[in-house]
Structures are given as C-alpha cells and as structure tokens.
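Report on one structure; see the data block that follows.
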Amino acid sequence: MNVFSYKDIYIEDGKRVLEVNILPEKYCNFDCIFCPIGRSYNKVDTQQSFDEIDDSFNELESMIENNNVDLVFINSKGEALVNSRISDIIDLIKSKGVPVRLLSNGYLLGRKEYMQIANKCDEVIGEIKAISEEDFQKIQRPIEGYTLKEYISNMILFNKQYKGKFILEVTIIKGYNDTEESVNKIKNIINEISPDKVIVERMNDERFKKKLGISDERFDEISKALQNI
Ligand code: SF4
C-alpha cells in the first residue's frame, strides 16, 4: 500500500505541478474546527514513521520522471513536517532537478530541526487564521502549550533566515478576523513576518461557508487591503 497520494497534474503559471500528500491519514499539531480533512485523532508535533514507505518513494520518482513535472507541491493531510522521511522526500525531488513547494501551517517552522528541513525547499507556505490568543485556542485547537504569539514568532524566525520564497496564506473567517480592527492586526502580522507573497483566502468549503464565510464584497475589500501593504 502506498502512503502517498496525488492530485491530477495541473498547470500553474505555465508550469506543470504535481501535488502530493505524504501522510497516510491526518496527522496535525492543530485540530481546526473547520479542517476540511476532519478531526485530528493523531495530534502530534514529533516525527512519525510509516510502514511500506519505500514503495511510495519509487512511485513518486516515476511520477516525476513520467510527467514532465516543473514543480512538486507537498500539500498533505495535516502537517507534512511530521513525516519522519520528509527530508529524504525533498532530497529525492531535488535530485530530479525539480523545485519543491511545501505547505505547513507554520507553527513548527521556528524549531531548528524543522527549519533545516523547510530550508531545503524552494517555496514554503505558512498560514494565519485566528488572530487573537483566545480564538487560536478555540478554533484551531492546537497542541497544549502552543500560543499564537509563538506561532507568529516562529514564522518570523523562519523567514528571517530563509533564502527561498516564503508565502503567507491568510484565511478570513466571519466573526473572527473580518472587522477593520482585525484587518489592521493582520497587516501588522504580515509586516512582522515579511513574506514574499500574501495569499488571501476565505472559507469556501460548503460545510463551513454559511457560518464562517464572508461576502464577495468584503472579501474583495480585505484582499485589496492586505495585498497592498
Ligand atoms: S492546520 Fe490545516 S490540516 Fe491542520 S487541523 Fe488546521 S486546517 Fe486541518
């Protein structure tokens, strides 16, 4: 059985992108109430080993070789950094001359061992959703002891020394970070982290859209405000 799973190859800015999930099921250090993957029964921030992963390495290698891939995007069922073989996975992709983009929620990027792994990637995406300590605990339900303050400072720390392209994905959530005051707070966070690019998202999943989604008009306003910093 293969641990990895793939999306169909798609084109982004003229590049052929192979998107791969490197976790057999959800493993995450958060348990967000709106997580599209479901609850975090494996709420971890230490690396995990998975059986039969060698077959998955072979499969990934042939996927890259047979599909003229220009970029591999590691976008997993949770936090990809907790796969104990992630470093080898990145090395394998890079050995084929293909750049790597890694999606992480960003919390672990400030820890030395994970920072070194992420540093090997050409692009890293970190995320911001809740912007108050209370909301962070309430809607993102991280591992005990985590704080929003540390979350943000981990991404600041990471990006200060990172040589690649750091992308910050900000998700606007109705009732949590969609007021003017919140937008100003997000602007400050963006300035502190200083990413190369900001992507603004909102709740698009049908299950959460009604309760947590914002209108098209508000989304446009906020997107403009955050893109023009
Ligand atoms: S950080 Fe992402 S994967 Fe993890 S629980 Fe939250 S939404 Fe799900």
Side-chain angles (χ1 to χ4, degrees), residues 1-12 15-32 35-127 140-144 146 151 154-155 158 162-167 169:
M1 196 196 82
N2 285 329
V3 175
F4 303 169
S5 56
Y6 302 87
K7 274 194 182 163
D8 287 342
I9 299 230
Y10 55 87
I11 310 289
E12 184 193 289
K15 289 182 182 156
R16 290 174 63 78
V17 182
L18 175 63
E19 198 167 319
V20 57
N21 152 48
I22 62 166
L23 297 168
E25 55 183 313
K26 185 179 175 190
Y27 286 80
C28 196
N29 47 351
F30 294 178
D31 185 12
C32 302
C35 181
I37 313 161
R39 291 298 308 267
S40 297
Y41 297 109
N42 308 297
K43 201 161 159 184
V44 294
D45 62 4
T46 49
Q47 290 199 313
Q48 315 288 310
S49 304
F50 303 110
D51 292 340
E52 298 176 53
I53 201 162
D54 290 334
D55 288 347
S56 297
F57 272 70
N58 294 335
E59 187 192 42
L60 175 60
E61 192 168 10
S62 26
M63 288 291 281
I64 296 170
E65 284 170 356
N66 299 333
N67 289 289
N68 262 331
V69 172
D70 298 310
L71 175 77
V72 175
F73 179 18
I74 302 174
N75 177 8
S76 291
K77 290 181 188 168
E79 177 52 74
L81 288 167
V82 304
N83 182 324
S84 64
R85 300 288 305 278
I86 184 156
S87 193
D88 299 331
I89 295 167
I90 296 166
D91 289 346
L92 168 71
I93 303 164
K94 301 284 289 178
S95 75
K96 301 279 154 199
V98 177
V100 182
R101 174 190 294 158
L102 170 72
L103 174 70
S104 164
N105 61 33
Y107 203 98
L108 299 176
L109 293 175
R111 297 194 186 168
K112 208 168 169 209
E113 65 276 26
Y114 292 119
M115 188 185 271
Q116 281 167 354
I117 295 169
N119 277 344
K120 299 206 274 184
C121 300
D122 302 82
E123 297 177 20
V124 173
I125 306 178
E127 301 177 327
Q140 298 200 259
R141 300 184 296 199
I143 283 179
E144 217 184 313
Y146 277 28
Y151 187 11
N154 279 344
M155 284 192 275
F158 173 72
Y162 181 51
K163 305 269 185 293
K165 181 175 178 180
F166 188 62
I167 302 162
E169 190 179 288

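The shown structure was predicted, so the numbers you read here are calculated from the model rather than taken from an experiment.
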Quick one: pull up SG in Cys28 and CG in Asn105 and give me the separation to the nearest 0.5 Å. 5.0 Å
Please report the closest heavy-atom contact between Ile37 and Gly78, naming both atoms and the distance. CD1-N, 3.6 Å
Exam field: side chain Gln47 to backbone Leu81, donor-acceptor pair closer than 3.5 Å: yes
Search all heavy atoms of Met155 against all heavy atoms of Gly106 and return the closest pair with its distance. CG-O, 3.6 Å
Is there side-chain contact between Glu127 and Tyr151, with at least one heavy-atom pair below 4.5 Å? yes
By ring-ring contact (aromatic ring centres under 6.0 Å, His included), Tyr146 pairs with (sequence neighbours left out) Tyr107
Tightest non-hydrogen contact, residues Val69 and Val72, listed as CG1-CG2, 3.9 Å
Rounding to 0.5 Å, atoms CD1 (Ile89) and CG (Leu102) come to a distance of 10.0 Å
Quick one: closest heavy-atom pair of Ala80 and Ile86, and the distance? O-CD1, 3.5 Å
Hey, mind stepping through Leu108 and Asn29 against side chain to side chain contact (heavy atoms under 4.5 Å, CB included) and telling me if it holds? CA-CA 9 Å; Leu108 299 176; Asn29 47 351; 3.5 Å; yes
Applying salt bridge (Lys or Arg N to Asp or Glu O under 4.0 Å), can you list everything that pairs with Asp70, at least two apart in sequence or on another chain? none
Got Asn68 and Ile9 here, is their nearest side-chain heavy-atom distance under 4.5 Å? no
Determine yes or no for a side-chain-to-main-chain donor-acceptor pair under 3.5 angstrom, with Glu52 supplying the side chain and Val3 the backbone. no
Is a donor on one side and an acceptor on the other found under 3.5 Å between the side chain of Gln140 and the backbone of Pro142? no
Considering non-hydrogen atoms only, spot the tightest contact between Val20 and Tyr6 and give its length. CG2-CE2, 3.5 Å
Rounded distance [0.5 Å steps], CD in Glu61 versus CG in Leu92: 5.5 Å
4.5 Å side-chain heavy-atom contact, Ser87 and Lys120: yes
So, Asn83 side chain and Ile22 main chain: donor-acceptor pair closer than 3.5 Å or not? yes
Can you tell me how far the NZ atom of Lys77 sits from the CG atom of Leu23, to the nearest 0.5 Å? 8.5 Å
Greater than 12 external heavy atoms within 6.0 Å of Asn66's CG: yes
ring-ring contact (aromatic ring centres under 6.0 Å, His included) with Phe166: which residues, sequence neighbours excluded? Phe158
Under 3.5 Å, side chain of Tyr10 to main-chain N/O of Glu19, donor-acceptor pair present? no
Less than 3.5 Å apart, any donor N or O on the side chain of Asn2 or Glu59 sitting next to an acceptor on the other? yes
Determine yes or no for a side-chain-to-main-chain donor-acceptor pair under 3.5 angstrom, with Lys26 supplying the side chain and Gly38 the backbone. yes
Ignoring hydrogens and angles, write down the donor-acceptor pairs under 3.5 Å from the side chains of residues 110-118, residues two or more places apart or on other chains.
| residue | atom | partner | partner atom | Å |
| --- | --- | --- | --- | --- |
| Arg111 | NH1 | Asp45 | OD2 | 3.1 |
| Arg111 | NH2 | Asp45 | OD2 | 3.4 |
| Tyr114 | OH | Asp45 | O | 2.7 |

Could you tell me whether Arg85 and Asp91 make a salt bridge, using a distance below 4.0 angstrom between a side-chain N and a carboxylate O? no
Tell me whether Asp31 is salt-bridged to Arg39, with the criterion being a basic N under 4.0 Å from an acidic carboxylate O. yes
Do Ile90 and Ile74 make a side-chain contact, defined as non-hydrogen atoms from C-beta onward lying under 4.5 Å apart? yes
In this structure, which one of Lys163, Lys94, Arg101, Lys165 forms a side chain to side chain donor-acceptor pair (under 3.5 Å) with Asp122? Lys94
List for me each residue that meets salt bridge (Lys or Arg N to Asp or Glu O under 4.0 Å) alongside Arg16, sequence neighbours excluded, and say none if there are none. none
Residue list, salt bridge (Lys or Arg N to Asp or Glu O under 4.0 Å) with Glu65, at least two apart or on another chain: Lys96
Do any N or O atoms from the side chain of Ser40 and from the backbone of Phe30 form a donor-acceptor pair under 3.5 angstrom? yes
